[in-house]
Amino acid sequence: MLDDRDRRILDMLQKDASISVTDLAERVALSVSACSRRIQRLEESGHIARRIAVLDRERMGVPTTVFALVKTAHHSDDWTESFRGIISDIPEIVEAHRLTGNHDYILKIVLPRVEHYDVIYKQIVRKLELFDVSASISMEELKNGMAIPVGYAAGYR
């Protein structure tokens, strides 16, 4: 069961995982050792899945975002696993979701420039049959964040 301090720790860590335990403990009014134990418990319980560094996409040379909507005529487990394997091997595909509605999948692809989309498209269609793929280029990012709301975690009232 999480309490308010746990949720504050989680909220602060997901905004800046590099915060020192000393600073974090001070901000949530705990001793350093008590804060450290809570972080360890949150990691062991799976509330903290991993800690990552978020890279600057401009500096890394992949400022362009393309969203590809995929339709397929195949829905078998084997096809899905093949698709999963193919897209997992393409680092430019940073997110993939199976959807309800008119499309089966959406892929978020980061690229050096829009013309590079064709390279990624060909990598997929050479290995797997797709019914339809339509792509949309992101013109402007209005919100970007990995942080999720912490208030829904177990123990919230």
Side-chain angles (χ1 to χ4, degrees), residues 1-72 74-101 103-112 116-117 120 123-124 127-128 130 133 135-136 138 140-157:
M1 195 104 148
L2 299 181
D3 62 19
D4 287 338
R5 276 200 179 119
D6 291 329
R7 282 189 280 285
R8 288 194 350 245
I9 289 169
L10 290 169
D11 193 45
M12 288 183 211
L13 282 175
Q14 73 176 337
K15 290 176 181 165
D16 181 7
S18 69
I19 188 172
S20 71
V21 177
T22 303
D23 288 344
L24 186 57
E26 185 178 312
R27 292 181 189 185
V28 296
L30 286 172
S31 70
V32 172
S33 59
C35 186
S36 181
R37 284 192 303 272
R38 281 184 184 241
I39 293 169
Q40 183 176 359
R41 181 175 47 83
L42 291 165
E43 288 174 333
E44 289 169 355
S45 68
H47 287 89
I48 298 173
R50 67 182 191 256
R51 298 189 203 192
I52 62 169
V54 178
L55 306 181
D56 183 287
R57 289 188 32 208
E58 287 280 337
R59 289 183 183 260
M60 297 306 298
V62 287
T64 304
T65 303
V66 173
F67 293 95
L69 291 161
V70 177
K71 288 184 187 181
T72 180
H74 307 282
H75 298 281
S76 70
D77 290 344
D78 289 343
W79 188 95
T80 302
E81 284 308 308
S82 293
F83 182 63
R84 184 187 314 267
I86 290 165
I87 63 174
S88 293
D89 289 340
I90 301 172
E92 291 88 350
I93 300 174
V94 296
E95 286 187 42
H97 300 267
R98 190 166 58 89
L99 305 174
T100 62
H103 296 90
D104 297 306
Y105 300 93
I106 187 169
L107 309 176
K108 181 179 179 182
I109 307 167
V110 298
L111 303 166
H116 193 74
Y117 170 71
I120 305 304
Q123 283 181 328
I124 297 169
K127 297 176 183 175
L128 202 60
L130 301 175
V133 180
S136 295
S138 173
E140 177 184 11
E141 186 175 82
L142 302 176
K143 182 178 180 180
N144 180 358
M146 300 275 304
I148 61 171
V150 297
Y152 296 101
Y156 184 72
R157 292 176 195 241

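If you're wondering where the values come from, they're calculated on a predicted model, not measured in any experiment.
- Inter-residue side-chain proximity for R38 and L30 is flagged as met; some heavy-atom pair is nearer than 4.5 Å.
- By the 6.0 Å contact criterion, NZ on K71 is enclosed, its count of non-hydrogen atoms from other residues, nucleotides or ligands being greater than 12.
- Shown here for A25 and C35, the closest heavy-atom pair between the two residues is CB-CB, 3.6 Å.
- For the residue pair H74 / T72, no side-chain donor-acceptor distance below 3.5 Å is found, with atom types taken as modelled.
- Remark: H47 NE2 to L42 CG distance equals 7.0 Å, nearest 0.5 Å.
- Taking CD1 of I109 as the start and CD of E92 as the end, the distance is 8.5 Å to the nearest 0.5 Å.
- Electrostatic pairing of D23 and R27 does not count as a salt bridge here, judged by no charged N lying under 4.0 Å from a carboxylate O.
- Within the model, atoms NZ of K15 and CG of D11 stand 3.5 Å from one another, a figure rounded to the nearest 0.5 Å.
- Of the possible donor and acceptor atoms, one in the side chain of S82 sits under 3.5 Å from a partner among the backbone N and O of D78.
- In terms of heavy-atom proximity, I120 sits nearest to I90 at CD1-CG2, 3.9 Å.
- Open room surrounds CD on E26; 12 or fewer heavy atoms of other groups in view lie less than 6.0 Å from it.
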Worked verdict on L107 versus I124 for side-chain contact (heavy atoms from CB on, under 4.5 Å): CA-CA 12 Å; L107 309 176; I124 297 169; 4.1 Å; yes

List the steps and the verdict of side-chain contact (heavy atoms from CB on, under 4.5 Å) for L111 and V62. CA-CA 5 Å; L111 303 166; V62 287; 5.7 Å; no

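- Remark: side-chain polar atoms of R7 are paired, donor with acceptor, to backbone N or O of L2 under 3.5 angstrom.
- Taking the ring-ring contact (aromatic ring centres under 6.0 Å, His included) definition, one finds that Y117 meets it with nothing, sequence neighbours left out.
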Step by step, would you call D4 with R8 a salt bridge (charged side-chain N to carboxylate O under 4.0 Å, His left out)? CA-CA 6 Å; D4 287 338; R8 288 194 350 245; over 6 Å; no

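- Within the 3.5 Å criterion, the main-chain N or O of L13 finds no donor-acceptor partner in the side chain of D16.
- The CD1 atom of I106 sits 6.0 Å away from atom CG of L99, with the distance rounded to the nearest 0.5 Å.
- Under the 30°/60° scheme for interplanar angles, the aromatic rings of F83 and Y105 are found to be tilted.
- Note that the CD1 atom of I9 and the CZ atom of R41 stand 8.0 Å from one another [nearest 0.5 Å].
- Contact check on R84 versus D77 returns no salt bridge, with no Lys/Arg side-chain nitrogen under 4.0 Å from an Asp/Glu carboxylate oxygen.
- The minimum heavy-atom distance linking P91 with D89 is given by the pair CD-O, 3.4 Å.
- Side-chain N/O atoms of R57 and T65 include a donor and acceptor closer than 3.5 Å.
- At least one donor-acceptor pair closer than 3.5 Å links the side chain of R5 to the backbone N or O of A29.
- For A17 against R51, the heavy-atom pair with the smallest separation is O-NH1, 4.0 Å.
- Residues forming a salt bridge (Lys or Arg N to Asp or Glu O under 4.0 Å) with R98 (at least two apart in sequence, or on another chain): none.
- Taking OG1 from T64 and NE2 from H116, the interatomic distance works out to 10.5 Å, rounded to the nearest 0.5 Å.
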Step-by-step side-chain contact (heavy atoms from CB on, under 4.5 Å) determination, D104 to H75: CA-CA 9 Å; D104 297 306; H75 298 281; 3.3 Å; yes

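- With Q14 contributing its side chain and I148 its backbone, the two residues share a donor-acceptor pair below 3.5 Å.
- The minimum heavy-atom distance linking V133 with L130 is given by the pair CG2-CD1, 3.4 Å.
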Give the intermediate values and the outcome of side-chain contact (heavy atoms from CB on, under 4.5 Å) for residues I93 and I87. CA-CA 7 Å; I93 300 174; I87 63 174; 3.9 Å; yes

